[in-house]
Amino acid sequence: MVPLEWYIWLSTVVFGIGVFGFLARRNIIIMFISIELMLNAVNMSLVSFGTHLHDLRGQILSFFVITVAAAEAAIGLAIIIALFRNKATAHVDDMTEMKG
Amino acid sequence: MASQAIFIYLAIAIIALSVTVITRKNPVHSIVFMLLLFFHIAGLYLTLNAEFLAAIQVIVYAGAILVLFLFVVLMLNLKEEVIERRYIGLWPLGLLLAVALLGTVLTTLKSISTGTKGIFSPELLKSETPTKVLAEVLYTEYLFPFEIASVVLLVAIVGAIVLAKKRLKS
């Protein structure tokens, strides 16, 4: 039996990688992929908590997280398409419309 | 012992693949590595007796969300993105923040205390099959959140169409 801590460590490391990708990349699509990575890390920790506590609510919660991730991907990619149509770039450095 | 070896393989593969996803220059490459990553995460769910969630991971994430990402990347013309630099100027600050977050969570993890165990023991799951037990809880206790989830998806569909459609000439 694999201890619970191992799963939480793995999930934390993947979450940290996602945070770094979101903060440091210039490409807005890669930033979106980093958000998906973070949601996956949270799902992993939820499922492992649920299994180790003999409770199914972790799995049900991660089911809802997957639903929200799907909705977020649809909306976010539509926003990227609308943005690309107006600015013709996917770099966050060039999004300076609100600079005042 | 075998389960620990499987976990170690899956953990190394997941961490290596997520680093690869974040550092690729070409978004198409990172999406393909993301596909591999999702299959490994589905394997991790299988080691946790969550077979339904493993299937959902493959169908929804690898099948639907990733195809959506791939379509968008291929739709946008990202030729000049590939030759430019990948990271923003302040990327060491991002690395510092991510490492600080990682350290904070990993040090607070020692004082974690789990509550009492629930009724869904592995023996029960094995006798009833995990998917059936999960469905019984989902469709009785969590029926209302389930309906809310369908409304969320409907709103997302309508919003995506409104945002992505071309402006009509009036």
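Protein chains get the first letters and strands the later ones, always in sequence-line order, with residue 1 at the start of each.
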So which of [options] has the largest heavy-atom pair count under 4.5 angstrom toward chain B?
options: Glu5(A), Arg57(A), His52(A); value: Arg57(A)
options: Ile80(A), Ile81(A), Val68(A); value: Ile81(A)
options: Ala78(A), Ala24(A), Gly18(A); value: Ala24(A)
options: Leu4(A), Val2(A), Val13(A); value: Val2(A)
options: Ile8(A), Asp55(A), Ile75(A), Ile30(A); value: Ile75(A)
options: Val14(A), Ile66(A), Ile79(A), Val19(A); value: Ile66(A)

Side chain, backbone, both or neither: which part of [X] has an atom under 4.5 Å from a heavy atom of chain A?
X: Leu68(B); answer: both
X: Tyr87(B); answer: both
X: Thr23(B); answer: backbone
X: Met1(B); answer: neither
X: Pro145(B); answer: both
X: Ile6(B); answer: neither
X: Tyr45(B); answer: side chain

Beyond-backbone contact of [X] with [Y], side-chain heavy atoms, under 4.5 angstrom:
X: Trp6(A); Y: Gln4(B); result: yes
X: Leu44(B); Y: Phe7(B); result: yes
X: His29(B); Y: Thr20(B); result: no
X: Phe84(A); Y: Met75(B); result: no
X: Leu46(B); Y: Glu51(B); result: yes

Identify which of [options] forms the greatest number of heavy-atom pairs closer than 4.5 Å to chain A.
options: Gly118(B), Ser30(B), Pro92(B), Ala149(B); answer: Gly118(B)
options: Ile112(B), Leu95(B), Thr116(B); answer: Leu95(B)
options: Val133(B), Asn49(B), Val152(B), Leu134(B); answer: Leu134(B)
options: Phe52(B), Phe71(B), Phe38(B), Tyr61(B); answer: Tyr61(B)
options: Leu101(B), Ile15(B), Leu96(B), Val60(B); answer: Ile15(B)
options: Ala2(B), Ala11(B), Gly159(B); answer: Ala11(B)

For residues [X] and [Y], report the shortest heavy-atom separation together with the two atoms involved.
X: Gly21(A); Y: Ser34(A); result: C-OG, 3.4 Å
X: Ser62(A); Y: Asn43(A); result: CB-OD1, 3.1 Å
X: Arg25(A); Y: Met31(A); result: O-SD, 3.9 Å

Tell me, side chain or backbone of [X] under 4.5 Å from chain B's heavy atoms, or both, or neither?
X: Leu10(A); answer: side chain
X: Phe64(A); answer: side chain
X: Ala69(A); answer: both
X: Phe22(A); answer: neither
X: Phe49(A); answer: side chain

So, [X] side chain and [Y] main chain: donor-acceptor pair closer than 3.5 Å or not?
X: Ser48(A); Y: Ser45(A); value: yes
X: Ser11(A); Y: Val42(A); value: no
X: Arg85(A); Y: Ala164(B); value: yes

Open item on the list: Please evaluate residues Leu76(B) and Ile29(A) with respect to the criterion side-chain contact (heavy atoms from CB on, under 4.5 Å), reporting the C-alpha separation (whole Å), side-chain torsions for both, the decisive distance (0.1 Å), and the verdict.
Closed with: CA-CA 10 Å; Leu76(B) 307 181; Ile29(A) 293 168; 3.9 Å; yes

Open item on the list: Assess the residue pair Arg24(B) and Val32(B) against the criterion (side-chain contact (heavy atoms from CB on, under 4.5 Å)); give the C-alpha distance rounded to whole Å, side-chain angles, the decisive distance to 0.1 Å, and a yes or no.
Closed with: CA-CA 10 Å; Arg24(B) 283 311 89 189; Val32(B) 173; over 6 Å; no

- [ ] Kindly indicate, with the supporting measurements, whether the criterion side-chain contact (heavy atoms from CB on, under 4.5 Å) is fulfilled by Phe39(B) and Gln57(B).
- [x] CA-CA 8 Å; Phe39(B) 278 118; Gln57(B) 178 83 17; over 6 Å; no

